[in-house]
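What follows is one structure encoded as structure tokens, with my remarks underneath.
No experiment lies behind these values; they were computed from the predicted model shown.
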Amino acid sequence: MPDIREWKDIDAAWLSEMLGQTGIDATVSSFTAKPVGTGQVGDCARFELTYSSAPADAPKTIVGKFPGAGAQSRATGKMLLNYYREVKFYQHLQAGAGISTPHCYFTDINEESHDFVLMMEDLSPARQGDQLDGCTLNQTRAIMAEAARLHAAYWNDDRLDSHSWIQETSGAVEVIPRDLFNTLWLGFVDRYGDRVSPKARIVGAALAENLEGYQEMRDGPQCLIHSDFRPDNMMFATPEGGKPLTVVDWQSFAYGPPASDIGYFIAGAIDVETRRANEAMLLDLYASQLSANGAGAYSSDMLRRHYVIGAYQLFLTAYFAAMMVTQTERGDRMFFRMLDGAVDLIDDHKALDWLT
């Protein structure tokens with residue numbers, strides 16, 4: 001089996017061995033490797049392969065994912081089990097997840113250091129989404145249907161509850177001290193000052209001070225949720241080709257409330273006026289697709305509650321990640337797009353006081 005190494009240390013022999021263990025009898029004679037993507041915790045590189053011998057279906061390019069180069073991002077990925085969790089998804093859950101994901105050629109992780117490698121299908125000419133650009137209404141309709149397939153696949157599936165590496169299961173490893181949420185929120189407000197709106201301060205203080213209430217609001221039907229369901233973690237077809245939609249970045253999945261994924265997505269990915277005009281239609285579409293894919297009972301009241309709690313989750317993710325990963329200008333803009341979109345959705349649903 002190939003060893004685990006950084007992308008800059010990979011050579012032709014390693015690539016040949018990696019392909020061989022997947023059943024592709026090919027010899028890589030040379031290759032190029034270049035960084036791709038905009039990941040905050042993990043780094044990706046595209047490998048363009050030249051063969052001295054290979055079957056006709058041998059991949060011409062492969063995308064690899066590795067720990068983030070920034071020391072702070074790497075430490076966060078290890079502490080939060082992000083790297084470990086993503087490897088386990090591809091090893092154990094991908095086949096039954098229902099949703100469109102990239103083919104995995106090879107993945108492995110060092111159980112102690114959490115160094116890992118994940119070699120996947122290159123989805124180009126599909127293009128990565130961008131949180132700052134958001135998504136069109138047509139894209140959002142497709143995403144509602146894709147979310148429903150994921151959520152129906154493991155609907156109230158208690159087998160997931162036996163895995164400690166799935167967040168929110170009964171045996172899940174608690175990797176974040178509760179007081180860290182409040183510490184990071186206070187640090188976020190101190191760092192960004194007036195950029196944090198008065199309504200955002202209400203939500204942030206409520207989350208930091210009442211995580212128990214937030215968790216209670218997540219009760220109800222449970223399923224496998226992505227938990228970071230947003231444009232940066234999706235690949236979309238382009239005029240040049242590619243699959244219509246593929247969901248990537250399985251570092252944060254959980255056994256949690258189904259509609260939280262779509263509240264998380266919608267709050268951060270479409271502009272406020274488009275959301276307000278189309279929210280009811282999108283929720284109805286999601287509910288109908290859940291039923292069509294065999295999910296169990298999900299009352300409209302419970303679905304809407306989970307939808308709004310997904311916006312709370314987006315808010316929490318935004319400020320938490322902003323303080324836990326290596327700070328960048330794009331990252332700051334992205335996190336505020338998420339934070340402010342979450343506040344707008346929460347406010348529109350008169351849910352600012354849900355946790356107070």
Between side-chain atoms of residues 96-106 and protein atoms elsewhere (two or more places apart, or another chain), which donor-acceptor pairs fall under 3.5 Å?
unit_1, atom_1, unit_2, atom_2, d
S100, OG, L245, O, 3.2
T101, OG1, Q94, NE2, 2.9

Checklist entry - Just by modelled atom types, is the G213 backbone N or O under 3.5 Å from a matching donor or acceptor in the N210 side chain? => result yes

Next on the checklist: Distance check, rounded to the nearest 0.5 Å: K88 atom NZ versus S164 atom OG?
Outcome noted: 9.0 Å

Next on the checklist: Please tell me whether Q251 and Y84 have a donor and an acceptor in their side chains that are separated by less than 3.5 angstrom.
Outcome noted: no

Checklist entry - Are the charged groups of R218 and E168 less than 4.0 angstrom apart, N to O? => result yes

Item to check | pair L211-L316: side-chain heavy atoms closer than 4.5 Å | outcome: yes

Checklist entry - side chain to side chain donor-acceptor pair (under 3.5 Å) between D301 and S299: does it pass, once the steps are laid out? => result CA-CA 5 Å; D301 286 346; S299 72; 5.7 Å; no

Checklist entry - Hey, quick one: are L339 and V272 part of the same hydrophobic cluster, counting side-chain heavy atoms closer than 4.5 Å, chains of contacts allowed? => result no

Item to check | Cation-pi, F336 ring and R195 (6.0 angstrom, 45 degrees) | outcome: yes

Checklist entry - Could you walk me through whether W155 and Y298 pass the ring pair (Phe, Tyr, Trp, His ring centres under 6.0 Å) check? => result CA-CA 11 Å; W155 188 269; Y298 201 18; 5.3 Å; yes

Item to check | Straight-line distance of C135 SG to I266 CD1, nearest 0.5 Å | outcome: 10.5 Å

Item to check | Linked, directly or transitively: I262 and I225 (ILVMFWY side chains, under 4.5 Å) | outcome: no

Next on the checklist: Would you say Y307 and E279 are linked by a side-chain donor-acceptor pair, where the criterion is simply a distance under 3.5 Å?
Outcome noted: yes

Checklist entry - Yes or no on ring pair (Phe, Tyr, Trp, His ring centres under 6.0 Å) for Y286 and H151, after CA distance, side-chain angles and deciding distance? => result CA-CA 10 Å; Y286 169 72; H151 299 155; 5.8 Å; yes

Next on the checklist: Quick check on the hydrophobic clustering: are F320 and V196 connected, directly or via other members, by side-chain heavy-atom contacts under 4.5 Å?
Outcome noted: yes

Next on the checklist: Taking the basic N atoms (NZ, or NE/NH1/NH2) and the acidic carboxylate oxygens, is any pair closer than 4.0 Å for D11 and R5?
Outcome noted: yes

Checklist entry - Side chains of V28 and S52: closer than 4.5 Å at any heavy-atom pair? => result no

Checklist entry - Residues in ring-ring contact (aromatic ring centres under 6.0 Å, His included) with F253, at least two apart? => result F89

Checklist entry - Is the backbone N or O of Q131 less than 3.5 Å from a side-chain atom of R337, with the two atoms forming a donor-acceptor pair by type? => result yes

Checklist entry - Hey, are the side chains of I166 and L93 touching, using non-hydrogen atoms and a 4.5 Å cut-off? => result yes

Checklist entry - salt bridge (charged side-chain N to carboxylate O under 4.0 Å, His left out) between D115 and R74: does it pass, once the steps are laid out? => result CA-CA 9 Å; D115 291 337; R74 185 178 290 238; 3.6 Å; yes

Item to check | Test item: side-chain donor near acceptor, N233 and W250, under 3.5 Å | outcome: no

Checklist entry - Is any side-chain heavy atom of R141 less than 4.5 Å from a side-chain heavy atom of M281? => result yes

Checklist entry - Under 6.0 Å from the NZ atom of K60, do we count more than 12 heavy atoms belonging to anything else shown? => result no

Next on the checklist: Run Y312 and Y214 through ring pair (Phe, Tyr, Trp, His ring centres under 6.0 Å) and show every step you take.
Outcome noted: CA-CA 8 Å; Y312 269 102; Y214 167 73; 7.0 Å; no

Checklist entry - Any salt bridge between E48 and K34, counting N to O under 4.0 Å? => result no

Checklist entry - Can you check ring pair (Phe, Tyr, Trp, His ring centres under 6.0 Å) on W185 and F315, steps first, answer last? => result CA-CA 11 Å; W185 171 245; F315 184 102; 5.6 Å; yes

Item to check | Same cluster (ILVMFWY, side-chain, under 4.5 Å), W7 and V36 | outcome: no

Item to check | Crowding at CZ, R159 (>12 non-hydrogen neighbours, <6.0 Å) | outcome: no

Item to check | Pairing of K65 and E121 as salt bridge, 4.0 angstrom limit | outcome: no

Checklist entry - Can D161 and S170 be counted as having a side-chain donor-acceptor contact under 3.5 angstrom? => result yes

Next on the checklist: I'd like to know whether D228 forms a side chain to side chain donor-acceptor pair (under 3.5 Å) with Y264, so could you lay out the CA-CA distance, the side-chain angles of the two residues, the decisive distance to 0.1 Å, and finally the verdict.
Outcome noted: CA-CA 8 Å; D228 197 16; Y264 188 102; 2.5 Å; yes

Checklist entry - When rounded to the nearest 0.5 angstrom, what distance separates CZ in F47 from CG in L15? => result 6.0 Å

Next on the checklist: Would you compute the distance between atom CG of D108 and atom CE of M119 and round it to the nearest 0.5 angstrom?
Outcome noted: 13.0 Å

Checklist entry - From L303 CG over to S260 OG, what is the distance, rounded to the nearest 0.5 angstrom? => result 10.5 Å

Item to check | Pairing residues for F116 by the ring-ring contact (aromatic ring centres under 6.0 Å, His included) criterion, not counting sequence neighbours | outcome: Y83

Next on the checklist: Counting neighbours of CG on D271 that are heavy atoms of other residues, nucleotides or ligands and sit closer than 6.0 Å, is the number greater than 12?
Outcome noted: yes

Item to check | Non-neighbouring partners of R305 that pass side-chain hydrogen bond (donor to acceptor under 3.5 Å, both in side chains), sequence neighbours left out | outcome: none

Next on the checklist: Hydrophobic clustering (ILVMFWY, side-chain heavy atoms < 4.5 Å, transitive) - are F31 and L19 grouped together?
Outcome noted: yes

Item to check | Electrostatic pair D332:R330 at N-O distance under 4.0 angstrom | outcome: no

Item to check | Non-neighbouring partners of E209 that pass side-chain hydrogen bond (donor to acceptor under 3.5 Å, both in side chains), sequence neighbours left out | outcome: none

Next on the checklist: Side-chain heavy atoms under 4.5 Å apart, restricted to Ile/Leu/Val/Met/Phe/Trp/Tyr: what other residues fall into the cluster of M235, or is it alone?
Outcome noted: L123, V248

